2 protein chains.
Amino acid sequence: MEYTVVVRMNEKLFLRDPEGSELGRRIVRQGIQLMAEIGFEEMTFRKLADRIGTKESSIYRYFENKHRLLVYLVAWYWQWLEYQVLFQTNNLTDSREKLERILKLLLLKDLSQLHISTAVDDMDIPALHSIVIQEASKAYLTHHVTEDNREQLFKPYKDLCSRIAGIILEYRPGYPYARSRASSLIETAHYQAFFMQHLPALTDFGVEPPGRIESKDPLLTFLRHLLFSSLDTARF
Amino acid sequence: MEYTVVVRMNEKLFLRDPEGSELGRRIVRQGIQLMAEIGFEEMTFRKLADRIGTKESSIYRYFENKHRLLVYLVAWYWQWLEYQVLFQTNNLTDSREKLERILKLLLLKDLSQLHISTAVDDMDIPALHSIVIQEASKAYLTHHVTEDNREQLFKPYKDLCSRIAGIILEYRPGYPYARSRASSLIETAHYQAFFMQHLPALTDFGVEPPGRIESKDPLLTFLRHLLFSSLDTARF
DNA sequence: TCTTAACTGATAGTAAAACTATCATTCTTG
DNA sequence: CAAGAATGATAGTTTTACTATCAGTTAAGA
């Protein structure tokens with residue numbers, strides 16, 4: 001039996017719920033494709049409208065502006081990811097194994113082995129993942145972070161962070177930097193992936209050819225090393 | 001005797017060398033102030049021109065566009081920082097102490113003790129630092145990274161990274177992730193500082209009141225812990 | 001089924017941003 | 001003092017980022 005993951009989004013993230021209509025759903029789905037293809041700054045509501053055969057003004061009925069669409073997509077991804085973390089670690093007793101699962105989820109590794117579909121709810125997860133890598137930090141690196149934060153726009157990110165921090169504390173009770181460790185883990189996973197692809201001189205890994213021998217992902221190895229060396233280190 | 005740090009910039013970073021004229025220097029100096037005040041996306045060449053009493057078109061003679069100005073400012077900062085790292089670690093024999101200095105430099109800590117002026121060459125270093133924290137990743141998180149990289153726009157960042165990686169290897173010969181460790185150290189320092197200020201739920205530190213008891217910077221402690229736990233960990 | 005509300009499409013518009021072009025003026029510098 | 005470089009001033013173009021209006025279509029309720 002299959003369950004549908006219902007990702008219930010904060011109302012502040014949109015003007016009209018895009019999941020409530022066919023057009024809304026297409027705005028989100030095609031928005032993902034377009035943003036993944038041409039990037040956030042090159043994307044415009046006009047281009048998106050043309051692509052889905054509607055008008056700019058119709059898109060504005062759903063999202064206040066392009067930035068809010070980005071925030072929505074990223075928030076959706078964080079909620080999806082938190083659900084996956086919850087689900088994948090639920091049945092485990094070994095908290096080290098939980099952290100291992102989290103590492104793989106962050107890199108979107110071994111999805112088939114983890115029984116994760118790449119198209120939940122028709123959302124293209126790998127495309128979203130690449131948007132998160134390239135654009136997610138633009139969601140909060142603005143001069144209006146504080147107001148956006150007040151509207152709870154970043155709650156999904158914080159929730160994911162809290163959940164990971166909780167597992168960190170389970171693995172290593174009393175660790176004094178659980179939250180920072182969680183947020184830096186997430187961020188490091190993403191921009192190291194970006195550097196690996198686009199600025200390899202900033203990393204020690206080459207781009208991975210697709211379909212390579214699994215379990216030999218150098219970025220995963222690096223993240224594992226970073227995480228566990230910090231958690232396994234002497235008393236606090 | 002005082003030496004002037006000559007930061008020689010890559011020619012690809014500008015159309016006309018801004019350090020070669022009074023107007024150019026004002027564009028850069030006031031550009032720093034304006035961008036620090038209102039942020040990258042809110043800044044326009046018109047606003048900058050108004051501020052310094054010139055015209056948009058004059059600014060375009062120096063920089064192709066706003067993004068290039070950002071890349072220029074960030075590159076300047078990386079070059080300045082690399083010079084500081086070089087200078088501050090030069091006389092030291094203990095490589096652990098070198099890494100300690102680097103941590104402080106990344107957080108722009110204890111400048112006076114390190115004999116660093118906050119206004120090198122009339123550049124407002126703390127303002128630049130806050131730009132780097134908030135905006136630097138926008139310099140490379142674009143769909144034209146590859147072309148920009150080909151033009152060597154990110155060389156100063158890579159050079160800084162290499163220098164830190166070199167010191168890491170000095171401290172821990174054979175460490176297999178020197179570059180990634182260096183780049184993740186730099187990035188972590190910056191966005192943890194951002195989170196601390198604007199999204200404190202993602203960290204374990206509060207905002208630091210200015211003029212607090214020195215040597216009790218929790219972010220510095222966290223970074224130190226992360227760095228040395230990874231470097232001091234078992235064989236590779 | 002009729003009515004009304006909700007939604008979308010279509011058109012049209014504005015304000016500002018992001019440039020480009022031109023030319024006169026001023027300021028150097030040989 | 002003549003030539004060249006830099007700047008100021010003005011005026012444009014194109015694109016983005018929106019807003020407004022209204023007609024038509026669809027859906028839902030009485």
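Side chains are part of it too, since the values below use all heavy atoms of this structure and drop only hydrogens, waters and symmetry mates. Numbers restart at 1 for each chain; the letters A, B, ... are given by sequence-line order, proteins then strands. These numbers were taken from a predicted model, which means no experiment stands behind them.
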S.K.: OP1 or OP2 of C:dG9 sitting under 4.0 Å from any side-chain N/O of A:Ser58?
M.R.: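 Yes.
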
S.K.: When you measure from the centre of the six-membered ring of B:Phe40, is the NZ or CZ of B:Lys66 under 6.0 Å away and within 45° of the axis?
M.R.: yes

S.K.: In whole Å, what is the span from the CG atom of B:Asp50 to the P atom of C:dA16?
M.R.: 13 Å

S.K.: Return the value, rounded to whole Å, for the distance between atom CZ of B:Arg46 and atom C1' of C:dC19.
M.R.: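 In whole Å, C:dC19 C1' and B:Arg46 CZ are 11 Å from each other.
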
S.K.: Consider the side chain of A:Arg61, meaning its heavy atoms from C-beta on, and name the nucleotide among C:dG9, D:dG8, C:dC19 that approaches it most closely.
M.R.: C:dG9

S.K.: Please report the distance, rounded to the nearest Å, between CG in B:Leu48 and C1' in C:dC19.
M.R.: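 So the two atoms are 15 Å apart, to the nearest Å.
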
S.K.: Does the gap between the ring centers of B:Phe195 and A:Tyr140 come in under 6.0 Å?
M.R.: yes

S.K.: According to a strict under-4.0 Å criterion, is B:Ser21 in side-chain N/O contact with OP1 or OP2 of D:dT7?
M.R.: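 Yes.
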
S.K.: For residues B:Tyr77 and B:Trp80, establish whether the separation of their ring centroids is below 6.0 Å.
M.R.: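 Yes - the distance between ring centres of B:Tyr77 and B:Trp80 falls below the 6.0 Å cut-off.
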
S.K.: Whole angstrom is fine here: how far is it from CZ in A:Phe63 over to C1' in D:dA17?
M.R.: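 Going from CZ in A:Phe63 over to C1' in D:dA17 covers 17 Å.
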
S.K.: Base, sugar-phosphate alone, or nothing: which one does A:Ser57 contact when heavy atoms must sit under 4.0 Å apart?
M.R.: base

S.K.: Check each of A:Lys155, A:Arg68, A:Lys138, A:Lys12 against A:Asp148 using the salt bridge (charged side-chain N to carboxylate O under 4.0 Å, His left out) test, and report the only one that passes.
M.R.: A:Arg68

S.K.: Out of D:dT7, C:dA18, C:dG9, which nucleotide sits closest to the side chain of B:Arg16?
M.R.: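 That would be D:dT7.
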
S.K.: Taking for each residue the nucleotide of DNA chain D bearing the nearest heavy atom, is the 5' side occupied by A:His67 or by B:Gly53?
M.R.: B:Gly53

S.K.: Whole Å only: how far is the CG atom of A:Leu69 from the C1' atom of D:dA17?
M.R.: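 Value for this atom pair: 14 Å.
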
S.K.: Can you tell me which nucleotide in C:dA10, D:dG8, C:dA18 comes closest to the side chain of B:Glu56?
M.R.: C:dA18

S.K.: For B:Leu23 and D:dA6, give me the distance from atom CG to atom C1', rounded to whole Å.
M.R.: 9 Å

S.K.: Let me know the distance between CD1 of B:Ile59 and P of D:dA6, rounded to the nearest Å.
M.R.: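 Distance check: B:Ile59 CD1 to D:dA6 P gives 17 Å.
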
S.K.: Could you state the atom-to-atom distance from CG of B:Leu15 to P of D:dT7 in whole Å?
M.R.: 13 Å

S.K.: Could you check which of C:dA10, D:dC18, D:dT16 has an atom nearest any side-chain atom of A:Lys55?
M.R.: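 When the side chain of A:Lys55 is considered, C:dA10 is the closest of C:dA10, D:dC18, D:dT16.
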
S.K.: Could you work out which one of C:dT8, C:dA18, D:dC18 sits closest to the side chain of A:Tyr62?
M.R.: C:dT8

S.K.: Look at atom CD of B:Glu11 and say whether more than 12 heavy atoms of other residues, nucleotides or ligands are closer to it than 6.0 Å.
M.R.: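 12 or below, so no.
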
S.K.: Between A:Thr54 and B:Phe45, name the one whose nearest nucleotide on DNA chain C is closer to the 5' end.
M.R.: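 Mapping each residue to its closest nucleotide by heavy atoms, the 5'-most match is A:Thr54.
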
